[in-house]
Number of protein chains: 2
Amino acid sequence: MRLSTKGRYGVKAMFDLALHGGETPLSLKTIAERQEISEPYLEQLIATLRKAGLVKSVRGAYGGYLLARHPEQITVGSIIRSLEGSIAPAECVSEMDPIECERAENCVTRILWEKIRISIDNVIDSITLQDMINDYDEMCGQDNMYYI
Amino acid sequence: MRLSTKGRYGVKAMFDLALHGGETPLSLKTIAERQEISEPYLEQLIATLRKAGLVKSVRGAYGGYLLARHPEQITVGSIIRSLEGSIAPAECVSEMDPIECERAENCVTRILWEKIRISIDNVIDSITLQDMINDYDEMCGQDNMYYI
DNA sequence: ATAATCTTGACAATTTTACTCGGGTATGCT
DNA sequence: AGCATACCCGAGTAAAATTGTCAAGATTAT
Ligand code: FES
Ligand code: FES
């Protein structure tokens, strides 16, 4: 039940965009260096995020990436789901491509996997990038340092 | 965020023991056939469950496995955790072997992973094998058939 | 023009998963 | 005692997923 680096890096990159981004785009290089992610790898991930409509890209010199929406309108659920697919403990309870098991209608464990999936969904869909920024501000509020 | 077959088969096997087991032990072969799991593979898994103190074994002819405790005293959390390790979305928030990331004290995503982990823990620790049996009874209550 | 940057697709190393296999050990039954 | 039925243990292995790398092209500010 570990999230792969795709999902983890993706959230980190999106958080970086939410924290340091604004009107002017952030280059991939900047994000990759600050979050310590391999640049060519992040390239792949952010391409997925772009296709999912979570970031906008600006090509050419001084280009880069911008959040497609405001931080309070982007949930970590949408980020993780776009990079990892449905976060289902078993394929048969996936929202996107529910591969049916045989004997599915009589399967008790299926009920269990569904409960777990729903619980995860509830958490990740209820947390937005803005919530993370708030956590962040609270975390380094006293000394007013600018971490990461 | 998919559970591996270890966790899934483990829960299935334990549920089988809870449903069909009793005073006399169930042989590995019986469980493996009923749940459609490779017998030598299940052998590995149940060895882990035995070491975790979730099942007792009876060696020799007419031997097999028994639940170590009553179904209402065994949570699916304990089963999954013994087979898969801590169900942490990132290593740094694992309960068992929390491999610290660098910059951990300033990491915002860590708060997120922790929230996810806690939510999963809450679900799987609140569901026992007895709960699954109840779900099962309810599921095939009308026609009184004995599935699986 | 040119440098910076995104875009795309293919490729490769490493790790994990999901098993298999072979032989050993304990126990009930006849 | 001897045999069949089980559990017990450790090694090995093929396939899949993960985690990247790399090269060449397209776009745009300056
Ligand atoms: S595990 Fe998929 S229906 Fe039972
Ligand atoms: S991801 Fe582990 S501390 Fe940030």
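Chain letters run A, B, ... following the sequence lines, proteins first, then strands; residues in each count from 1.
For A:A61, whose side chain is taken as the heavy atoms from C-beta onward, the closest listed nucleotide among D:dT21, C:dA3, D:dT19 is C:dA3. Between C:dT7, D:dT28, C:dT20, one nucleotide has an atom nearer to the side chain of A:S57 than all others, and that is C:dT7. You'll find that the side chain of A:K51 is closest to C:dT8, out of C:dT8, C:dT25, D:dA29. Here D:dC7 is the nucleotide among D:dT21, C:dT8, D:dC7 with the atom lying nearest to any side-chain atom of B:E43. Among D:dT21, C:dC6, D:dG20, the nucleotide with an atom closest to any side-chain atom of A:R59 is C:dC6. Closest to the side chain of B:S4, out of C:dA18, C:dC21, C:dC19, is C:dA18.
The distance between atom OH of B:Y9 and atom P of C:dT20, rounded to the nearest whole Å, is 10 Å. In this entry the distance linking CG of B:L17 with P of D:dC7 reads 11 Å, nearest Å. Between the CD atom of A:E91 and the C1' atom of C:dT17 there is a distance of 13 Å, rounded to whole Å. When rounded to the nearest whole Å, the span between CD of B:E36 and P of C:dA18 equals 17 Å. The separation between B:L42 atom CG and C:dA18 atom C1' is 13 Å, rounded to whole Å. Spacing between atom CD of B:Q44 and atom P of C:dA18 amounts to 12 Å, rounded to whole angstrom units. Per the geometry, CG belonging to A:L49 stands 15 Å off C1' belonging to C:dT7, to the nearest Å. The distance between atom OH of A:Y41 and atom P of C:dA12, rounded to the nearest whole Å, is 18 Å.
When each of B:Y62 and A:I46 is assigned the nucleotide of DNA chain C bearing its nearest heavy atom, the one mapping closer to the 5' terminus is A:I46. Taking the nucleotide of DNA chain C with the nearest heavy atom to each of A:P40 and A:R2, the more 5' of the two is matched to A:P40. Taking the nucleotide of DNA chain D with the nearest heavy atom to each of A:L3 and B:S27, the more 5' of the two is matched to B:S27.
Here B:Y65 reaches the OP1 or OP2 of D:dC8: one of its side-chain N or O atoms lies under 4.0 Å away. The side chain of A:R50 places an N or O atom within less than 4.0 Å of a non-bridging phosphate oxygen (OP1 or OP2) of C:dT8. In this structure, A:T5 reaches the D:dT19 phosphate: one of its side-chain N or O atoms is under 4.0 Å from OP1 or OP2.
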From CA spacing to verdict: side chain to side chain contact (heavy atoms under 4.5 Å, CB included), A:R81, A:D121: CA-CA 10 Å; A:R81 217 172 276 112; A:D121 275 349; 3.2 Å; yes
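No hydrogens or angles considered: nothing links the side chains of A:N134 and A:E138 as a donor-acceptor pair under 3.5 Å. Using a 3.5 Å distance cut-off with no hydrogens or angles, the side chains of A:D131 and A:T128 do pair a donor with an acceptor.
Between the A:E39 side chain and the A:L28 main chain, no donor and acceptor come within less than 3.5 Å of each other.
By the 6.0 Å contact criterion, NZ on A:K6 is open, its count of non-hydrogen atoms from other residues, nucleotides or ligands being 12 or less.
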